[in-house]
Amino acid sequence: MEIKIYPLPGEKKKPKFTDESKLSFGRIFTDRMLMVEWKVDQGWFDARIVPYGPFILDPACAVLHYSQEIFEGLKAYKWSDGTIALFRPDMNARRLNFSAERMCMPELPTELFLDGIEQLVKLEREWIPASPGTSLYIRPTMIAVEPFLGVKPSDHYYFYVILCPVGPYYAAGFNPVRIMVEDKFVRAVPGGTGEVKTGGNYAASLKGALEAKKKGFEQVLWLDGVHRRYVEEVGAMNMFFAYGDLVVTAPLTGSILSGVTRDSVFKLADTLGFRLEERQIDINELIADIRSGKVTEAFGSGTAAVITPVGHLAYQDEMHQVGDGGVGSLTRKLYDTLTGIQYGRIEDPFGWIRKIA
Ligand code: COI
């Protein structure tokens with residue numbers, strides 16, 4: 001499908017950040033966005049790159065009432081030689097359509113997803129920061145815009161992509177975060193929507209996250225919604241626990257998001273010399289193993305969070321230090337390798353990099 005490019009009104013704006021090292025996550029947006037529409041009798045139509053700006057939405061439209069919404073997150077990196085690269089964007093295209101199927105939304109052709117993002121990022125390339133740890137975060141989103149209060153799948157959708165120059169997701173940067181195990185609220189249940197990227201999962205997580213923040217924790221580690229016993233995910237991250245060179249993580253049983261970075265950690269195991277095991281992680285056993293020192297490292301993975309070391313875990317008001325509370329050697333190796341590939345410092349033996357300029 002041809003993507004029409006509309007001019008920016010007046011002078012092109014300059015990137016609104018002056019100090020790349022002070023960039024945080026998710027507050028600054030570039031000049032343009034990609035828009036495509038879908039209607040039940042037309043399919044996808046009118047792909048266009050337009051000036052970034054607010055939508056006019058009917059107050060009755062479905063997304064505002066029943067949360068029919070899905071999104072993705074990926075990044076563009078500027079290499080020191082000027083190359084612009086995306087990291088595994090095909091995985092995001094696939095997951096978007098997995099989410100679409102669960103949320104009764106139309107699937108988007110992968111070529112349109114990839115081509116649209118590529119054209120948009122190329123046009124906005126001067127917004128991509130180049131300092132270590134910075135990148136251009138890409139947020140593809142689909143919303144239901146039919147103005148109708150009956151509960152049913154919408155017959156009209158917007159797919160749009162916005163861009164955001166970012167630094168680290170956590171203010172601490174690549175430093176250990178403190179996480180609270182949530183045993184009151186749950187994020188997702190089997191058969192629900194926990195395994196798809198839909199806004200409602202994140203809305204459901206706010207209450208627990210707010211209480212955790214008040215107690216000084218960056219995020220909440222969710223337990224399974226049935227037994228409140230098995231470790232699931234953090235919300236912005238999948239979780240891993242290292243027992244020496246054996247790394248365990250929860251299996252994807254329907255309530256956990258299948259992270260692109262999670263998958264990349266699996267694929268790096270052989271290269272970096274660790275073993276990976278997907279198994280149910282009983283929180284009581286995990287705490288005992290942290291206390292006895294069997295758990296040597298804990299880290300989270302995510303597009304926004306990359307690899308984030310977890311230094312402390314609190315459960316039932318008791319704080320537990322993982323290893324020495326610092327950044328473990330495996331965590332650092334994973335971070336260095338993954339970001340090395342993303343920023344073109346290390347050769348990509350996996351075919352993960354898609355150079356776009
Ligand atoms: C991402 O890592 O891209 C995510 O979608 C997490 C988000 C909640 C910031």
Side-chain angles (χ1 to χ4, degrees), residues 23-30 67 69-77 85-100 102-103 113 117 121 128 133-143 159-174 177 179 182 185 187-188 193-210 212-213 217-222 232-240 249 252 255-266 299-310 334-335 338-339 342 352:
L23 273 175
S24 62
F25 181 87
R27 291 216 179 265
I28 299 173
F29 301 95
T30 74
S67 304
E69 186 264 4
I70 55 176
F71 68 96
E72 273 303 318
L74 66 160
K75 284 174 173 171
Y77 305 87
L86 302 178
F87 183 73
R88 310 189 75 183
D90 49 309
M91 295 282 281
N92 298 94
R94 199 180 318 158
R95 192 173 59 188
L96 181 85
N97 285 338
F98 177 72
S99 300
R102 175 64 178 84
M103 301 300 286
F113 181 92
I117 287 175
V121 171
I128 311 176
T134 65
S135 57
L136 188 73
Y137 187 76
I138 304 168
R139 174 52 65 87
T141 309
M142 198 192 298
I143 56 173
F159 171 73
Y160 63 92
V161 180
I162 54 176
L163 307 176
C164 182
V166 297
Y169 184 70
Y170 296 106
F174 185 65
V177 295
I179 283 187
E182 175 61 66
F185 305 112
R187 171 187 172 275
T193 58
E195 64 179 344
V196 303
K197 219 158 168 58
T198 184
N201 293 338
Y202 297 81
S205 78
L206 293 176
K207 181 91 174 150
L210 201 65
K213 195 149 263 166
F217 297 94
E218 269 89 355
Q219 295 250 319
V220 157
L221 175 60
W222 300 101
E232 296 223 318
E233 63 165 80
V234 167
M237 309 194 290
N238 294 115
M239 277 302 302
F240 295 83
T249 193
L252 303 177
S255 49
I256 297 180
L257 192 80
S258 168
V260 176
T261 314
R262 178 185 186 277
D263 183 77
S264 308
V265 170
F266 273 70
F299 61 89
S301 71
T303 295
V306 198
I307 297 291
T308 295
V310 174
L334 267 167
Y335 178 85
L338 203 54
T339 55
Q342 290 166 338
W352 287 341

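Because the structure is a prediction, the values reported are computed rather than measured. In this chain, residues are counted from 1 in sequence order. When a ligand or atom number is given, it counts from 1 through the structure's own listing order.
Of all atoms in ligand 1, numbered sequentially from 1 with element shown, those under 4.0 Å from a heavy atom of Gly73 are 3 (O). Ligand 1 places these atoms under 4.0 Å from at least one heavy atom of Phe71: 5 (O). With ligand atoms numbered from 1 in the order given, ligand 1 contributes 1 (C), 2 (O), 3 (O), 9 (C) to contacts under 4.0 Å with heavy atoms of Ala304. Ligand 1 places these atoms under 4.0 Å from at least one heavy atom of Tyr169: 9 (C).
Counting heavy atoms from C-beta outward, Phe217 and Val177 have side chains that stay 4.5 Å or more apart.
Close to ligand 1: Lys197, with a non-hydrogen atom less than 4.0 angstrom away.
Considering every non-hydrogen atom in both Ala212 and Gln219, the closest pair reads CB-O, 4.4 Å.
What sits closest to atom 7 (C) of ligand 1 on the protein, heavy atoms only, is Arg139 NH2, 4.0 Å. When hydrogens are left out, the protein atom nearest atom 1 (C) of ligand 1 is Tyr137 OH, 3.4 Å; that is the closest non-hydrogen contact. Shortest contact from atom 8 (C) of ligand 1 to any protein heavy atom: Tyr202 CE2, 3.5 Å.
Where the criterion is an N or O separation shorter than 3.5 Å, residue side chain and backbone included, Thr303 meets it with respect to ligand 1.
There is a side-chain donor-acceptor pair under 3.5 Å between Ser255 and Glu232. Looking only at atom types and distance, the side chain of Thr193 has no donor-acceptor partner in the side chain of Arg102 under 3.5 Å away. Ser258 and Asp263 form no side-chain donor-acceptor contact under 3.5 Å, judged by distance and modelled atom types alone.
Taking the six-membered ring where the residue is Trp, Tyr169 and Phe25 present perpendicular rings, their angle passing 60° and hence far from 30°.
A salt bridge links Glu72 and Arg95; the closest N-O separation between the charged side-chain nitrogens and carboxylate oxygens is under 4.0 Å.
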